[in-house]
Amino acid sequence: MAGPKTFYLTTPIYYVNDVPHIGHAYTTLACDVLARFMRLDGYDVKFLTGTDEHGQKVEKSAQNAGIEPQAFTDRVSQNFRDLVSLMNYSNDDFIRTTEPRHVASVQALWKVLEEKGEIYLGSYAGWYSVRDEAFYGEDELTTNPAGKKIAPTGAECEWVEEPSYFFKLSAWQDRLIAFYEANPDFIAPAGKRNEVMSFVKSGLKDLSVSRTTFKWGIPVPGNDEHIMYVWLDALANYITAVGYPNTEGDFAKYWPADLHMVGKDILRFHTVYWPAFLMAADLPPPKRVFAHGWWTIEGQKMSKSLGNVIAPESLVTTYGLDQTRYFLLREVPFGNDGDFSHKQMVARINGNLANDYGNLVQRVLSMIGKNCGGAVPTPGPFTEADDALLGAAHNLLDVVRVEIRAQAFHKALDAIWAVVGDGNRYVDEQAPWTLKKTDPARMATVLYVLAETIRHLAILTQPIMPDASAKILDQLAQGPDARGFGNLGPAGALVAGTPLPTSQGVFPRFVEEPKA
RNA sequence: GGCAGCGUAGCUCAGUGGUAGAGCAGGGGAAUCAUAAUCCCUUGGUCGGGGGUUCAAAUCCCUCCGCUGCUACCA
């Protein structure tokens with residue numbers, strides 16, 4: 001069982017019919033930061049994202065576009081692959097549910113469930129909305145003047161009866177509760193755990209897991225009249241990507257997943273249906289599911305009708321990539337809903353990045369460039385103040401690790417910025433510009449301590465801001481092999497006399513364009 | 001309706017029994033290495049209303065008001 005520690009984390013697979021927006025970018029960003037962190041911390045990481053490409057809506061959209069569904073999904077799934085490069089995500093795989101490996105995986109899972117007697121053929125009847133791809137209860141519907149039943153979403157419903165396979169979800173209620181109780185960290189944040197548990201305790205009905213009303217899906221093995229329910233299809237992507245139905249190799253290495261990151265709207269699928277499917281197939285459930293919140297835009301709900309949906313590309317163009325990545329994870333306690341506003345974004349860019357972090361780096365590297373011959377200065381004996389600052393820097397990984405592993409990205413950043421503040425205070429207290437005249441040797445020590453502190457900060461901000469952190473490490477002449485967490489601490493300390501490149505700003509201030 | 005949660009400084013929030021806190025914003029000062037960036041000091045709250053328990057309550061209990069989430073097949 002030796003070998004590197006592994007960490008497998010996933011985003012939801014995104015429905016190709018959607019246009020990528022800030023919400024998609026946010027989910028994958030959180031995973032990306034976690035994945036980068038774990039890699040730097042020495043883990044063998046597998047980070048998966050992808051697209052969900054089946055379902056009636058895709059079938060219709062393809063029809064409207066006058067092309068085959070596969071050609072349609074080939075085209076629109078590209079939007080999400082473009083998002084990967086735009087946002088600088090480091091995913092190790094990108095899965096599409098239309099790939100042969102996935103079809104084989106889902107059909108194999110189906111067969112296992114069927115063999116184990118967890119699936120049976122029955123029939124489903126109810127009020128169905130094509131637009132919503134959903135059934136509604138009688139009590140949820142209203143009747144319009146034309147006599148049509150209308151769903152709460154405003155969509156028209158029709159009475160549908162169809163044969164359907166069912167998954168015996170009702171049999172899993174007690175085992176799910178037992179699982180939640182044995183694994184208190186399975187559902188996060190904690191408040192969501194209570195919601196899921198009360199839902200399960202209120203009683204579970206068997207789940208319809210096939211459809212006959214449309215064709216664009218994975219056929220049920222042995223009965224081509226049926227295609228599989230979208231969620232059985234979609235959720236299984238997490239095991240497809242590690243090689244299922246082959247349970248050796250990557251599956252043995254990475255499964256169960258360490259984390260499924262999801263938006264709060266799809267929590268139930270991941271914390272009720274998915275563990276039930278897996279346990280029914282004798283496979284272990286994932287270790288944790290985290291449901292994050294939604295963004296509002298300038299205080300308003302994001303919606304197509306309001307026309308305020310933010311494209312990730314416009315954020316990156318306007319504010320910069322690393323600035324955007326930083327803002328999304330710093331502004332809001334991860335798990336809560338948050339508000340995106342231009343004012344707050346600018347406040348973060350100018351306050352935290354340009355003034356606090358960027359300026360600390362710049363003032364220190366500039367002084368080293370001008371006063372130390374453009375090389376890492378030679379330190380003398382350390383004072384109490386030196387040890388205090390270095391100690392804070394050395395200690396930072398332990399603090400940040402705890403927060404990141406709990407998906408408390410905002411707290412991790414708070415901790416890093418506390419040391420940024422310590423650094424700026426230390427500069428003012430030590431006043432190296434005065435030491436330059438009175439005690440040049442002491443000045444060299446002070447600047448060395450600062451450079452070493454900045455090295456720690458830059459290594460630790462890599463997961464959040466890969467490009468900017470790399471630029472800082474470049475300016476400290478730290479090569480690719482010197483950037484892992486193993487290089488933190490005195491063992492990886494800067495070597496006096498190492499030549500340094502000319503310094504340059506990393507986080508420019510955001511200056512408002514004059515209004516026309 | 002039922003269940004759960006929230007309501008603390010202008011803003012965003014931390015604090016769950018022992019003399020009200022942070023960041024930002026506002027005010028004053030210092031410094032001048034730096035992206036006019038930094039540092040120090042400071043104004044500001046009857047902790048949603050009312051009642052109760054306690055030597056002591058933002059923190060526990062009751063009640064009222066306001067807001068939010070969940071209450072099954074809606075990526």
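Numbers restart at 1 for each chain; the letters A, B, ... are given by sequence-line order, proteins then strands.
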K.L.:
Touch check for A:G191, heavy atoms < 4.0 angstrom, all strands: base, sugar-phosphate only, or nothing?
P.N.:
nothing
K.L.:
Could you tell me which nucleotide pairs with B:U54 by Watson-Crick or G-U wobble geometry, both distances under 3.5 Å, or answer none if nothing does?
P.N.:
none
K.L.:
Would you tell me if any nitrogen or oxygen in the side chain of A:W231 comes within less than 4.0 Å of OP1 or OP2 on B:A75?
P.N.:
yes
K.L.:
Using a 4.0 Å heavy-atom cut-off, does A:L207 contact any base of the nucleic acid, only the sugar-phosphate backbone, or nothing at all?
P.N.:
base
K.L.:
Please report the distance, rounded to the nearest Å, between CD in A:Q56 and P in B:C74.
P.N.:
13 Å
K.L.:
May I ask you to say what A:Y14 touches in the nucleic acid, namely base, sugar-phosphate or nothing, with a heavy-atom cut-off under 4.0 Å?
P.N.:
nothing
K.L.:
In whole angstroms, how far is the C1' atom of B:C13 from the NZ atom of A:K411?
P.N.:
12 Å
K.L.:
Using a strict threshold of under 4.0 Å (side-chain N to carboxylate O), is an ion pair present between A:R442 and A:D386?
P.N.:
yes
K.L.:
Would you please confirm or rule out a distance under 4.0 Å between OP1 or OP2 of B:C11 and any side-chain N or O of A:K343?
P.N.:
no
K.L.:
Please give, in whole Å, the distance from B:C33 C1' to A:R363 CZ?
P.N.:
6 Å
K.L.:
So A:D18, base contact, sugar-phosphate only, or nothing? Heavy-atom distance under 4.0 Å.
P.N.:
base
K.L.:
Please state the P separation for the pair B:A14 and B:G5 - nearest whole angstrom.
P.N.:
16 Å
K.L.:
Under 4.0 Å, heavy atoms only, any strand: does A:A347 hit a base, just the sugar-phosphate, or nothing?
P.N.:
nothing
K.L.:
Can you identify which nucleotide, out of B:U35, B:C39, B:A75, has its nearest atom closest to the A:F507 side chain?
P.N.:
B:U35
K.L.:
Atom OH of A:Y448 to atom C1' of B:C33: distance rounded to whole Å?
P.N.:
21 Å
K.L.:
Work out how far the C1' atom of B:U46 is from that of B:A58, and round it to whole angstrom.
P.N.:
12 Å
K.L.:
With nearest nucleotides of RNA chain B determined for A:K205 and A:H24 from heavy-atom distances, which residue corresponds to the more 5′ nucleotide?
P.N.:
A:K205
K.L.:
Measure from the side-chain heavy atoms of A:S208 and tell me the nearest of B:C73, B:G69, B:C33.
P.N.:
B:C73
K.L.:
Could you work out the separation of B:G21 and B:U8 based on their C1' atoms and round it to a whole Å?
P.N.:
10 Å
K.L.:
Where do A:E162 and A:S164 land on the side-chain hydrogen bond (donor to acceptor under 3.5 Å, both in side chains) test, with the steps shown first?
P.N.:
CA-CA 6 Å; A:E162 59 176 270; A:S164 172; 5.4 Å; no
K.L.:
Let's test this: given Watson-Crick or G-U wobble pairing with both distances under 3.5 Å, identify the partner of B:G5.
P.N.:
B:C67
K.L.:
Just to be sure I understand the rule, does A:S198 reach a base, reach only the sugar-phosphate, or reach nothing, if contact means heavy atoms closer than 4.0 Å?
P.N.:
nothing
K.L.:
Now, which nucleotide makes the Watson-Crick or G-U wobble pair with B:A30, with each of the two distances under 3.5 Å?
P.N.:
B:U38
K.L.:
Do we see a donor-acceptor contact under 3.5 Å between the side chains of A:T461 and A:S469?
P.N.:
yes
K.L.:
Atom CE of A:M197 and atom P of B:G2: how far apart are they, to the nearest Å?
P.N.:
23 Å
K.L.:
What interatomic distance, in whole Å, is found between P of B:A25 and the corresponding atom of B:U12?
P.N.:
15 Å
K.L.:
Does the side chain of A:S61 come under 3.5 Å of the side chain of A:N17 through a donor N or O and an acceptor N or O?
P.N.:
yes
K.L.:
Regarding A:T212 and A:H226, do their side chains bring together a donor and an acceptor under 3.5 Å, going by distance alone?
P.N.:
no
K.L.:
Applying the Watson-Crick and G-U wobble criteria at under 3.5 Å, what pairs with B:U19? Answer none if nothing qualifies.
P.N.:
none
K.L.:
Using a 4.0 Å heavy-atom cut-off across all strands, classify A:L365 as base, sugar-phosphate, or nothing.
P.N.:
nothing
K.L.:
Between B:U53 and B:C62, how far apart are the C1' atoms? Round to whole Å, please.
P.N.:
11 Å
K.L.:
Using atom P in both nucleotides, what's the gap between B:A30 and B:U16 to the nearest angstrom?
P.N.:
40 Å
K.L.:
What is the nucleic acid contact for A:D265, judged by heavy atoms within less than 4.0 Å: base, sugar-phosphate only, or nothing?
P.N.:
sugar-phosphate
K.L.:
Looking at A:R509, does any N or O in its side chain come under 4.0 Å of the phosphate oxygens OP1/OP2 on B:A37?
P.N.:
yes
K.L.:
Take atom C1' in B:A31 and the same atom in B:G15, then report the distance between them in whole Å.
P.N.:
35 Å
K.L.:
For A:V272, which contact category applies under a 4.0 Å heavy-atom criterion: base, sugar-phosphate, or nothing?
P.N.:
nothing
K.L.:
Does any non-hydrogen side-chain atom of A:F334 lie less than 4.5 Å from one of A:K411?
P.N.:
no
K.L.:
Among B:C70, B:A31, B:C73, which nucleotide has an atom closest to any side-chain atom of A:R211?
P.N.:
B:C73
K.L.:
Establish whether the base of B:C74 is bridged to the side chain of A:Y15 by a donor-acceptor pair shorter than 3.5 Å.
P.N.:
no
K.L.:
Quick one: label A:K370 by what it contacts on the DNA or RNA (base, sugar-phosphate, nothing), any heavy atom closer than 4.0 Å.
P.N.:
sugar-phosphate
K.L.:
Just the rounded figure in Å: distance from P of B:U38 to CH2 of A:W417.
P.N.:
14 Å
K.L.:
At under 4.0 Å between heavy atoms, what does A:D356 touch on the DNA or RNA strands: base, sugar-phosphate, or nothing?
P.N.:
sugar-phosphate
K.L.:
Is there a donor-acceptor contact under 3.5 Å linking the side chains of A:T28 and A:Y14?
P.N.:
yes
K.L.:
Using purine N1 to pyrimidine N3 plus N6-O4 or O6-N4 for Watson-Crick, or N1-O2 and O6-N3 for G-U wobble, both under 3.5 Å, which nucleotide pairs with B:C74?
P.N.:
none
K.L.:
Between A:G203 and A:M367, which has a closest nucleotide on RNA chain B that is more 5'?
P.N.:
A:M367
K.L.:
Of all the choices, B:U35, B:C39, B:C33, which nucleotide is nearest to the side chain of A:V427 once you look at every atom?
P.N.:
B:C33
K.L.:
Expressed in whole Å, how much space separates the P atoms belonging to B:U43 and B:A22?
P.N.:
11 Å
K.L.:
What integer distance in Å separates A:I472:CD1 from B:U35:C1'?
P.N.:
13 Å
K.L.:
Please state how far atom OH in A:Y273 lies from atom C1' in B:C73, giving the value in whole angstrom units.
P.N.:
4 Å
K.L.:
Between A:N355 and B:U38, is there a contact of a side-chain N or O with OP1 or OP2 at under 4.0 Å?
P.N.:
yes
K.L.:
If we count only N and O atoms by modelled type, under 3.5 Å, do the side chains of A:Y426 and A:T453 hold a donor and an acceptor together?
P.N.:
no
K.L.:
Under 4.0 Å between a Lys/Arg side-chain N and an Asp/Glu carboxylate O for A:R325 and A:D467?
P.N.:
no
